[in-house]
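Both backbone and side-chain heavy atoms feed into the values below; hydrogens, waters and symmetry mates do not. Below, chains carry the letters A, B, ... as their sequence lines are ordered, and counting in each starts from 1. Everything numeric in this text was worked out from a predicted model, so none of it was measured.
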Amino acid sequence: MSAFELSSAADVLAGRSPASVEVRGWVARKHTVGGLVFVQLRDGTGYVQVSARKGASDAAYEGARSSTKESAVVVRGEVKDDRRAPGGKEISAKEFVVVSRAESWPITKTAAKSAGFLFDKRRLSIRGPKAIAAMKIRAEVVGATFDYFRENGFHLISAPSFVQAAVEGGSTLFSVDYFGKQANLSQSAQFYEEAALPALQKVWIFQPAFRAEKSKTAKHLTEFWMIEAEQAFAEQPENMKLQEGLLSKMVERVLANRQAELKTLGRTLKQPPLPFPRISYDEALSTAGKLGFPFEWGDDLPTEAERAISLTQDSPFFVTDYPLSARSFYHMTYPDRPKVTKSADLIAPEGVGELATGGQRIHDYHELMQRIQSQDLPTESFAWYLELRKYGMPPHSGFGIGVERSTRWIAGLKHIRSASLFPRTLSRISP
RNA sequence: GGCGACGUAGCUCAGCGUGGUAGAGCAAUUGGCUGUUAACCAAUUGGUCGUCGGUUCGAGUCCGACCGUCGCCGCCA
């Protein structure tokens with residue numbers, strides 16, 4: 001008898017394994033038919049069917065029969081072609097060892113219909129094929145991001161999560177006790193990136209952001225991973241190129257490496273052509289009005305208007321030149337249009353909504369000071385941010401893009417919580 | 001924060017209009033079946049009807065408050 005060599009589900013199905021294999025994994029599904037047991041074994045690479053036959057190998061048969069759904073098992077056997085097996089190959093078991101027997105599995109096929117239950121049991125339900133596909137796509141998106149920034153000469157930095165100043169509105173901060181002082185959890189690393197620019201010129205960051213927005217929608221998490229980048233000597237047009245290049249790279253990599261996962265999720269994804277369309281805020285205002293979703297100049301793009309416009313697009317697109325009234329204080333305005341910012345949102349098609357927000361920052365000390373004062377913001381909170389403008393701050397721009405939002409769009413997920421292993425939302429902080 | 005739904009078995013739901021101490025499917029357990037793909041067939045097990053209070057001889061059902069979940073909006077990545 002030949003020795004069993006360690007292999008994986010994916011290698012067995014692809015025909016890359018030796019004839020006698022050992023595979024380690026979990027029982028994803030089990031059927032018994034008389035003296036035959038079929039087990040769909042799952043490992044980190046995929047699924048493969050194992051059959052155990054009474055009479056052929058009674059020990060393997062007994063092992064397989066006594067296994068339960070989600071038990072951890074080690075299987076040794078012969079790889080055989082069989083048209084009746086999913087994928088056309090199966091492992092005919094000689095040995096079937098239950099390493100860790102699972103109790104009665106709570107995720108049943110009716111439970112799969114209940115999003116609330118699945119997320120209550122998220123620590124277990126993440127073993128399902130759709131959750132696995134979403135996580136593999138997310139990992140591909142993150143991997144593409146690391147490569148993209150390295151290829152473009154950006155330095156990865158890190159920034160604190162305990163902060164004092166708010167980058168976005170102050171009402172959306174989570175506060176924590178910091179040895180008797182109040183600290184907040186960071187909403188964005190943007191200010192730290194700006195500080196790093198004179199040292200590194202092109203920087204990016206990958207870390208969690210915390211937003212205490214009481215948003216109960218399919219696109220909000222209270223804790224999410226954000227990709228942010230900031231470039232010195234780069235103005236807004238260059239900033240948009242960087243963003244579309246990144247999203248494009250994410251899609252390219254997922255299309256290249258995650259076809260099976262896209263199929264599992266029922267997602268049809270196409271490579272969007274570059275450059276992405278640029279629609280000015282004023283155009284968006286007019287288009288939304290024509291589509292029956294009017295709003296006032298100066299307001300942020302309402303969700304209905306954004307969705308209506310996005311349904312007219314078949315690739316991601318930018319909405320540019322937002323009014324200052326809809327933007328944070330640090331946004332730079334056009335010299336001849338003081339109420340219009342050099343900024344843009346990157347919006348996904350199909351009604352998915354905002355993926356990224358970016359813009360050019362004010363680099364002049366007096367202009368920024370004036371802006372802070374005119375908006376009645378506490379100057380002392382932004383003292384160090386302001387001070388950066390005293391020591392050689394060139395024109396610069398940057399953006400932030402949500403990892404889970406990008407994954408949600410690319411993977412075609414209905415809700416952003418499916419793009420997170422353990423999502424944090426308004427009503428969910430466990431498990 | 002606003003508007004709207006919904007809480008009955010481990011899960012999905014029916015029952016509530018016309019009040020009289022709960023029912024199905026799935027899951028689980030046991031048995032049967034030597035090619036299953038959401039397997040199938042049979043039997044068994046399983047419920048302080050979200051919580052508290054009110055009306056009533058009697059409340060899963062009617063009324064009130066509270067708690068929780070979900071959806072859409074505002075806000076945003």
Side-chain angles (χ1 to χ4, degrees), chain A residues 28-40 47 49-56 61 64-65 68-69 80 82-87 90 92 102-121 124-125 129 167-169 171-172 187-190 207-228 243 247 293 295 299-307 322 326-328 345-348 351-358 399-409 414-417 419-420 425-428:
Chain A
R29 212 163 59 203
K30 180 187 143 189
H31 292 144
T32 63
V33 186
L36 250 179
V37 184
F38 296 103
V39 164
Q40 292 300 322
Y47 298 84
Q49 176 161 292
V50 176
S51 67
R53 195 178 294 264
K54 194 177 184 178
Y61 169 75
R65 209 175 62 90
T68 53
K69 197 170 184 194
K80 290 184 174 162
D82 196 315
R83 287 189 296 115
R84 297 166 295 189
E90 70 178 16
S92 177
E103 292 180 17
S104 168
W105 184 245
I107 316 291
T108 62
K109 52 189 174 187
T110 41
K113 289 193 282 187
S114 166
F117 182 77
L118 289 182
F119 281 95
D120 285 343
K121 300 280 182 188
L124 302 178
S125 63
V167 177
E168 305 298 327
S171 62
T172 65
Q187 305 162 303
S188 162
Q190 182 195 319
Q207 69 173 41
F210 304 89
R211 302 274 171 97
E213 295 153 7
K214 295 199 170 175
S215 309
K216 289 176 282 187
T217 77
K219 59 180 182 179
H220 283 88
L221 295 170
T222 53
E223 176 181 354
F224 62 96
W225 282 73
M226 188 146 66
I227 295 158
E228 294 175 274
Q243 291 172 57
L247 190 60
F293 302 98
F295 59 97
D299 290 348
D300 203 350
L301 199 57
T303 299
E304 287 90 348
E306 180 191 87
R307 183 177 297 119
Y322 276 81
R327 287 303 207 208
S328 294
D345 281 358
L346 177 56
I347 299 173
V352 170
E354 281 178 47
L355 299 180
T357 291
F399 68 92
I401 182 168
V403 172
E404 290 82 7
R405 282 192 178 180
S406 305
T407 303
R408 180 193 170 206
W409 172 64
K414 285 201 170 57
H415 199 291
I416 194 169
R417 63 190 165 208
S420 172
T425 62
L426 190 58
S427 60
R428 201 170 288 281

Protein-to-nucleotide contact annotation, 5' to 3' order, nucleotides 65-75 of chain B [B base; S sugar-phosphate only; - none; under 4.0 Å, heavy atom]
----SSBBBBB
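- We find that CZ of A:R405 is positioned 7 Å from P of B:A77, with the value rounded to whole Å.
- Regarding contacts with the backbone of B:A39, a side-chain N or O of A:H31 is found under 4.0 angstrom from either OP1 or OP2.
- Between A:K54 atom NZ and B:U36 atom C1' the separation is 17 Å, expressed in whole Å.
- With hydrogens and angles ignored, a donor-acceptor pair under 3.5 angstrom links the side chain of A:R53 to the base of B:G35.
- You won't find any donor-acceptor pair under 3.5 Å spanning the side chain of A:Q40 and the base of B:U37, going by distance alone.
- Pair check for B:A77 finds none; no Watson-Crick or G-U wobble contact set falls under 3.5 Å.
- Residues A:T68 and A:S104 form no side-chain contact, since every pair of their non-hydrogen atoms from C-beta on lies 4.5 Å or further apart.
- Base pairing analysis places B:A65 opposite B:U51; the two distances defining the Watson-Crick or G-U wobble pair are each below 3.5 Å.
- Atom C1' of nucleotide B:U36 and atom CD of A:Q49 are separated by 7 Å, given to the nearest angstrom.
- If you take CD1 of A:I401 and P of B:A77, they are 12 Å apart, rounded to a whole angstrom.
- We find that CZ of A:F117 is positioned 18 Å from P of B:G7, with the value rounded to whole Å.
- If you measure from atom CZ of A:F399 to atom C1' of B:A77, you get 12 Å, rounded to the nearest angstrom.
- In this structure, CZ of A:F38 is placed 7 Å from P of B:G35, rounded to the nearest angstrom.
- Counting non-hydrogen atoms under 4.0 angstrom, A:I107 reaches nothing in the nucleic acid.
- Straight-line distance between the C1' atoms of B:A9 and B:A27: roughly 11 Å, to the nearest whole Å.
- Under the Watson-Crick or G-U wobble criterion, with both distances below 3.5 Å, B:C26 is paired with B:G10.
- Nucleotide B:U45 has no partner under the Watson-Crick or G-U criteria, as no pair reaches both atom distances under 3.5 Å.
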One character per nucleotide, please: for nucleotides 26-32 of chain B, 5' to 3', B when the base has a protein heavy atom closer than 4.0 Å, S when only the sugar-phosphate does, - otherwise.
BSS----
